[in-house]
Amino acid sequence: MSTEYLQEVADADYKYGFVTEIESDKAAIGLDESTVRYISAKKKEPEWLLEWRLKALDHFLGLLEKNEKPEWAHLAIRDIDFQSISYYSAPKKKPQLDSLDEVDPQLIDTFNKLGIPLMEQKRLAGVAVDVVMDSVSVTTTFKKELREKGIIFCSFGEAVQEHPELVRKYLGSVVPRTDNFYAALNSAVFSDGSFCYIPKGVRCPMELSTYFRINEAGTGQFERTLIIADEGSYVSYLEGCTAPMRDENQLHAAVVEIIAHEEAEVKYSTIQNWYPGSADGRGGVYNFVTKRGICEGRGSKISWTQLETGSAITWKYPSVILKGDDSVGEFYSVAFTKGHQQADTGTKMIHIGKNTTSTIISKGISGGQSQNAYRGLVKINRGAKGARNFSQCDSMLLGDRCGAHTFPYLEINNPTAQVEHEATTSKVGEDQIFYCQQRGISETDAIKLIVNGFCKEILAKLPMEFAVEARNLLAIELEGSVG
Amino acid sequence: MLDIKNLHASIEEDGTPILKGLNLSVKPGEVHAIMGPNGSGKSTLASVLAGRDGYEVTEGSVSFEGHDLLEMEADERAREGLFLAFQYPVELPGVSMSNFLKHAVNSTREHQGKDPLSATDFLALMRENAALVDLDPALKARSVNEGFSGGEKKRNEIFQLAMLSPRLAILDETDSGLDIDALRVVSAGVNKLRQPDRSFVVITHYQRLLEYIVPDVVHVLLDGRIVQSGGKELAIDLEEKGYDWLREETGVPA
């Protein structure tokens, strides 16, 4: 009986599947030079950025022609017709960024429904929010307060206009436009995203958060985020994502780049809840994302924490290049898949500097007929004397039609390195559920308790406001047909 | 309180019959001991009463406080006041004792139409009951049974019994794996929990436990049936003579 129930912990309703009727500008379907020129012109970009995009496009089209899509992941991906997507969509009424009063009320309503308060008086305590709908950033809150500390937090498009020197210096410095198939695509057609610069010695006084929403049908979302933490600074950054329920697959190919200078610390948290598709596997977002940070300076630290519950397919490996001596990289992940979802996620920790340290803790939970893979690389370069890594990958199976896979890769080129790897796979035991039931706890609550217990150490890494959201999200995901 | 009539149960997977016409009647406040050799069906009886999956009741009835016990799901049985102290308590990594018991206690309270306990009352209750079996109060932050020693696990079962205040408690070989000191602590805890409206069914291999938890009735389970019942002297007889004489007397094959 329990096994059947576990197999049915699949069809939780997706709460965020509504569509907003909002007028929008869309680029013509298809991808060629004119698409890139259209986007660049729409955003009034300088010539150098257009050139940069065109080179990326050239590289991408070359890969596409040779059909060099990444095939190595443990994923079954239907052929994507890159010529049948619209690469740009923007809500038509362009909001005045200075005044929230002029934001389209429909938009405010949308984000209220998602529980994202745009009105600052109703804000989550101490969180500044940048909101990206389809291809553009629609509003950023708390700009003024941040500006006083010299912190720049704005949409990518705005950063290109107002801080071109910073964008030009860092764009593509961590994820080059030729890095991989989807990064090349993003570099050609990225539309908006968030930009963040924390000046020397400044501790950002609030969480910075970007909320991504795909609304329009037949479009892709290609945002680009760039975070620069100057010497001795600190920032905690969070992104959240949702999308309407649609029968077709929607493509999301983002790039995130983080640069941490000497003694700087960046904590990047993600709650990813893109539409996962229907219970029988129709529709859903293809989430192909390249996220990478570089610990450029000595003693710097980059920490990725992610809760991945959405998307039909997830392909992402938030990574850290540990270049500065004594720098620290961390990756904490919970990936929950159900229904027909597929996830291939993990991290790369590249140790270059001396005495660099990395920690990887990954928890995969698979239910329904989903497939959940951890894939990680720990690479210790020849010069990385005294490098240390600890990796732990735990998988939990709900039912017996799902799969959990672990693909750890180790490349160690320095004999002084210390690398530890632990992996476990467990099935939510009927004996565990029975034990809870025998104490009066219902089966549904028992599974929630057990799964939450399994993820506890990761959820504890999320900023407090979002830890609650994350636990609720997990609970919603676990609501099965019972109760 | 508990009325078992002609209970037949088999293993669901292969149909092997284990219980073959078991009768047992327990009145409020009584302590019944069930003894028997390995394979006689003692743990199956505990599992069937608590509602564990994997067994099929093919005949007979079980009435608990006037309700048809076999109609209820395992969690409903627990909320109705049936408690099982596990022979092998299960570990729940990452689930703290306090969170676990809060869910358990409040589910039962809700079922009884009571409000959930306040955090203060709950913690006070935990402290009080932990002291009953000499458990470190710091255990509330630890994960359920994870890293507990064998003795701690068993004491933890009795602690949970105290927290949930059931009408009927079944102790499934609670003495197994306990040294004499732990056995004393566990038994003293159980004795303090004896009440006129609470009954116990104590399943054990050895007479030793019954020196500490003195039963009102001792039953001998052989080949899925109770073949003999008597006072506590019966337990002593069994300790001395084993089960073979009963097999001969009752015609049950070894």
Side-chain angles (χ1 to χ4, degrees), chain A residues 1-7 332 334 336 361-365 392 394-397 399-400 422 424-461 467-468 470-471 474-475 478 482-483, chain B residues 12 46-47 49-56 72-97 99-112 141-146 153 156-157 159-161 163-166 169-170 172:
Chain A
M1 203 259 320
S2 287
T3 310
E4 282 163 36
Y5 168 72
L6 285 172
Q7 283 172 352
Y332 302 113
V334 172
F336 180 92
I361 301 180
S362 160
K363 306 269 179 177
I365 304 151
Q392 181 188 335
D394 299 327
S395 308
M396 180 176 263
L397 298 168
D400 46 22
E422 292 175 7
T424 66
T425 301
S426 58
K427 207 173 152 185
V428 169
E430 307 215 340
D431 54 343
Q432 288 177 319
I433 294 171
F434 176 65
Y435 192 73
C436 295
Q437 282 188 291
Q438 212 305 302
R439 300 306 186 239
I441 300 167
S442 72
E443 192 166 19
T444 317
D445 286 347
I447 292 170
K448 283 185 203 172
L449 265 180
I450 294 163
V451 170
N452 261 308
F454 177 71
C455 308
K456 190 154 108 181
E457 58 181 310
I458 305 294
L459 299 182
K461 304 275 183 199
V468 176
R471 263 198 298 276
L474 260 187
L478 285 163
V482 177
Chain B
E12 205 168 49
S47 294
L49 291 178
R52 191 196 282 269
D53 281 344
Y55 299 93
E56 194 187 354
M72 291 188 252
E73 293 293 331
D75 49 328
E76 291 176 78
R77 299 181 195 195
R79 291 193 292 266
E80 281 289 334
L82 183 144
F83 182 92
L84 171 64
F86 284 61
Q87 182 178 4
Y88 304 109
V90 178
E91 296 181 5
L92 303 176
V95 180
S96 70
M97 277 304 297
N99 192 22
F100 177 67
L101 278 173
K102 208 177 297 164
H103 273 83
V105 168
N106 286 335
S107 300
T108 303
R109 289 180 68 88
E110 190 187 333
H111 180 71
Q112 295 163 342
R142 289 169 62 185
S143 296
V144 177
N145 291 319
E146 200 185 34
K153 281 184 182 171
N156 190 22
E157 292 295 294
F159 165 61
Q160 294 178 49
L161 193 170
M163 289 296 291
L164 288 163
S165 232
I170 302 163
D172 188 7

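In what follows, chains are A, B, ... by sequence order, proteins preceding strands, each numbered from 1. FYI, side chains are in, hydrogens and waters are out, and symmetry mates aren't considered; it's all heavy atoms of this structure. Note that the coordinates shown come from a computational prediction; the quantities given were computed from them, not determined experimentally.
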From [atom1] ([X]) to [atom2] ([Y]), nearest 0.5 Å:
X	Y	atom1	atom2	answer
B:His103	A:Ser442	NE2	OG	8.5 Å
A:Asp445	B:Asn106	CG	CG	11.5 Å
A:Arg439	B:Leu84	CZ	CG	6.5 Å

Engaged part of [X] at the chain A interface, taking heavy atoms whose separation is under 4.5 Å:
X	value
B:Tyr88	neither
B:Pro89	both
B:Ser143	neither
B:Arg52	both

Check A:Gly440 against B:Ser107 and note the closest heavy-atom contact, atom names and distance.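 Shortest heavy-atom separation between A:Gly440 and B:Ser107 comes out as O-CB, 3.2 Å.
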Given 3.5 Å as the limit, does a donor-acceptor pair link the side chain of A:Gln437 with the main chain of B:Ala74, or not?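 Side chain of A:Gln437 to backbone of B:Ala74: no pair is present.
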Please answer whether the main-chain N or O of B:Leu82 pairs with a side-chain N or O of A:Gln438 as donor and acceptor at a distance below 3.5 Å.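 Side chain of A:Gln438 to backbone of B:Leu82: a pair is present.
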For B:Glu76, all residues meeting salt bridge (charged side-chain N to carboxylate O under 4.0 Å, His left out), sequence neighbours excluded: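 Checked B:Glu76 against salt bridge (charged side-chain N to carboxylate O under 4.0 Å, His left out); zero matches.
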Among all residues two or more places apart in sequence or in another chain, which pass the salt bridge (charged side-chain N to carboxylate O under 4.0 Å, His left out) test with B:Lys153?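 Salt bridge (charged side-chain N to carboxylate O under 4.0 Å, His left out) list for B:Lys153, sorted by chain: B:Glu91.
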Measure the shortest side-chain to side-chain distance between [X] and [Y] over non-hydrogen atoms and say whether it is less than 4.5 angstrom.
X	Y	answer
A:Cys436	B:Val95	no
B:Pro93	A:Gln432	yes
A:Phe434	B:Asp53	no

Atom group of A:Tyr435 that falls short of 4.5 Å from chain B, counting heavy atoms: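 Its backbone and side chain both get close to chain B.
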Contact winner vs chain A - B:Pro166, B:Ser96, B:Gly94, heavy-atom pairs under 4.5 Å: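 Of the options given, most contacts go to B:Gly94.
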Counting heavy-atom pairs closer than 4.5 Å to chain B, which one of A:Asp431, A:Ile450, A:Ile441 comes out on top?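 Top option by heavy-atom pairs under 4.5 Å: A:Ile441.
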